[in-house]
J.: 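Quick one: the structure is below, questions incoming.
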There are 2 protein chains.
Amino acid sequence: MTVLTGGKLKLIQAALRLITQSRSLSSLGLRELAREAGLNPNTFYRHFRNLDEFGLQVLGYIAEDMKAGVRELRRMAESSEQASHDTVAFVYHYFLTNPAATTVAVRELHGPSALLRKALESQLEASAREMAEDIIDRQLVSAVAPETIHEISRMTIRYILFRSMDYIDKPGQREVIQQETERFINRQFRGAMLDDMSEEDMATLLRSCS
Amino acid sequence: MTVLTGGKLKLIQAALRLITQSRSLSSLGLRELAREAGLNPNTFYRHFRNLDEFGLQVLGYIAEDMKAGVRELRRMAESSEQASHDTVAFVYHYFLTNPAATTVAVRELHGPSALLRKALESQLEASAREMAEDIIDRQLVSAVAPETIHEISRMTIRYILFRSMDYIDKPGQREVIQQETERFINRQFRGAMLDDMSEEDMATLLRSCS
DNA sequence: TCGTTGTGTATACATGTGTATACCGCCAAT
DNA sequence: ATTGGCGGTATACACATGTATACACAACGA
């Protein structure tokens, strides 16, 4: 009956398929996986010790994809305003073409498994650091302290990740989500430029502007 | 064997207990619930048609709690700066004392059940609207357009909700999380005040500030 | 007083689950 | 040419799950 090989890959892809059809990684069953992959239940044990290990490997598989995406992303952005626009567009486009990976990331980031949560968090942390360093290196917002840039990067990464769920399954709102995201980022950085202003300073500033 | 009554409540509370011990609402089993509640599995059917209906009722139960919290919250805040500080402190404190409700909200907001997602989203939307109208009524940030205030409120509600998970189970970071949240809000609103400024305006503004 | 209704229980069944043991063919290295 | 491991399968077992049917008892209105 042996037709093709690569059972391990088949199982992982089966998981991604099931997850997009609204399931959660940690709730997948061994037999369910095998069924979806068209394999015998016990084949699972040839590749993974148990379901926890499987979850981690799926996460690893996804992390590879994401890292590739982030690396591509680094080859963009010129002016500050344009940078945020193009970057946001690119990121959402990426999420759109990797719905399974996106879904599992969002689900498990706050999911029941502490192991997966931790793994995902450090993955996000790494992405945020990369983003922040990129911004600093290119001096896109030189008026903001590096530590602050890191902080905002962390917030932004999370914000985009969550919004990407809506972006994926609400096609009618994609335009709006993208614009909101851009506003989010711009406000965050511009607000940060005024971090050490007092209330009164703000008031006088506003008066002078209008 | 009949000792006490209130089986329905017992089941719901059992669910909340299980969820805090790192499970997800949609992954709870009927027998598991009954076991935790100290009841016979079939008692479940006396109160709920199936697990989906159960999930919705749990959500309703939680929503009551949350609404009460929000209403209390409306009785606070004077000056803009103080308002954000006290409000943030209050909200996190609330989440801390209702960890089960918080956890289920975060988990299911991006969880596998479309039904629960929708229910939670409209719940959050309502809270965000309330927050925005409060800000507008009290003229806390009169320099920002109402529509923008609504937008920022939505973002903030979500931001706080997600951070509350870390707030709950990382006691050492509570101080930091609270401060970051305040910065988030302030930057968002202050950034919004500069929404219609061009890049060049920003540059000249910064020069005049320093 | 009887019947009804609401709440909880006991038993039972089909199905699904994780896992153990054993078997089989393929490929590569000795 | 034989051997051994690797990837895949088949069968089996103990247990958990959702659900159906039937029973028990208490409260209550007629």
Side-chain angles (χ1 to χ4, degrees), chain A residues 1-61 104 107-108 111-116, chain B residues 1-61 104 107-108 111-116:
Chain A
M1 269 297 162
T2 317
V3 193
L4 271 177
T5 110
K8 183 165 178 169
L9 188 65
K10 274 191 191 174
L11 284 169
I12 293 184
Q13 289 174 334
L16 296 184
R17 231 173 302 137
L18 286 172
I19 286 171
T20 19
Q21 290 161 21
S22 67
R23 300 203 42 79
S24 138
L25 177 55
S26 26
S27 82
L28 289 178
L30 174 159
R31 286 178 122 102
E32 192 182 7
L33 256 338
R35 208 178 310 129
E36 173 76 20
L39 293 173
N40 187 282
N42 277 306
T43 305
F44 182 91
Y45 289 112
R46 297 290 169 204
H47 306 287
F48 313 97
R49 197 178 315 273
N50 51 42
L51 284 165
D52 278 348
E53 184 181 314
F54 177 73
L56 283 179
Q57 297 235 18
V58 173
L59 234 57
Y61 182 84
V104 59
R107 295 254 161 90
E108 305 305 329
S113 157
L115 197 66
L116 296 186
Chain B
M1 269 298 163
T2 319
V3 194
L4 272 178
T5 110
K8 183 164 179 170
L9 188 66
K10 274 190 190 172
L11 284 169
I12 293 185
Q13 290 174 334
L16 296 184
R17 230 173 302 138
L18 286 172
I19 286 171
T20 18
Q21 290 160 22
S22 66
R23 302 202 39 79
S24 137
L25 177 56
S26 27
S27 82
L28 288 177
L30 174 159
R31 284 177 123 104
E32 191 182 8
L33 256 337
R35 210 179 307 129
E36 172 76 19
L39 293 173
N40 187 283
N42 277 305
T43 305
F44 182 90
Y45 289 111
R46 297 289 169 205
H47 306 286
F48 314 97
R49 199 179 312 275
N50 50 44
L51 284 164
D52 278 347
E53 185 182 313
F54 177 73
L56 283 179
Q57 297 236 18
V58 172
L59 234 57
Y61 182 84
V104 60
R107 295 254 160 88
E108 304 306 327
S113 157
L115 197 65
L116 296 186

J.: Taking all non-hydrogen atoms of both residues, which atom of A:S22 and which atom of B:P112 are closest, and how far apart?
T.: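 Residues A:S22 and B:P112, closest heavy atoms: CB-O, 3.4 Å.
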
J.: Just the rounded figure in Å: distance from C1' of C:dA22 to CG of A:N40.
T.: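 A:N40 atom CG is separated from C:dA22 atom C1' by 13 Å.
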
J.: Determine whether the side chains of B:E108 and B:S26 contain a donor N or O and an acceptor N or O closer than 3.5 Å.
T.: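 Note: B:E108 and B:S26 side chains meet the donor-acceptor criterion.
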
J.: Would you kindly give the CG-to-C1' distance between A:D52 and C:dT19, to the nearest whole Å?
T.: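 A:D52 atom CG is separated from C:dT19 atom C1' by 15 Å.
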
J.: Test: salt bridge (Lys or Arg N to Asp or Glu O under 4.0 Å). Region: residues 19-30 of chain B. Which pairs qualify, not counting sequence neighbours?
T.: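 Salt bridge (Lys or Arg N to Asp or Glu O under 4.0 Å) check on residues 19-30 of chain B returns B:R23-B:E32.
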
J.: Which residue, B:N50, B:L39, B:L51, forms the side chain to side chain contact (heavy atoms under 4.5 Å, CB included) with B:F44?
T.: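 That would be B:L51; it is the only one of B:N50, B:L39, B:L51 passing the side chain to side chain contact (heavy atoms under 4.5 Å, CB included) with B:F44.
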
J.: Do A:I19 and A:L28 come close enough that some side-chain heavy atom pair is under 4.5 Å?
T.: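 A side-chain contact under 4.5 Å exists here.
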
J.: Could you pull out the closest heavy-atom pair between A:Y45 and A:L30, with the gap in Å?
T.: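 Answer, listing the atom of A:Y45 first, then A:L30: OH-CD1, 3.4 Å.
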
J.: Between B:A37 and B:L11, what is the shortest heavy-atom contact and its length?
T.: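 For B:A37 versus B:L11, the nearest heavy atoms are CB-CD2, 3.9 Å.
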
J.: Can you pull out the residues from residues 53-60 of chain A that lie within a 4.0 Å heavy-atom distance of DNA chain C?
T.: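 Contacting residues: none.
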
J.: Minimum heavy-atom separation for B:H47 to B:E53, with atom names?
T.: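 Answer, listing the atom of B:H47 first, then B:E53: O-OE2, 4.0 Å.
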
J.: Please encode protein proximity along nucleotides 17-22 of chain D as a string of B, S and -, counting only heavy-atom distances under 4.0 Å.
T.: BBBB-B

J.: What is the distance, rounded to the nearest whole Å, between atom CG of B:L9 and atom P of C:dG6?
T.: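 Value for this atom pair: 19 Å.
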
J.: Does B:H47 have a side-chain nitrogen or oxygen under 4.0 Å from the phosphate oxygens OP1 or OP2 of C:dG8?
T.: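 Answer is yes, contact under 4.0 Å.
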
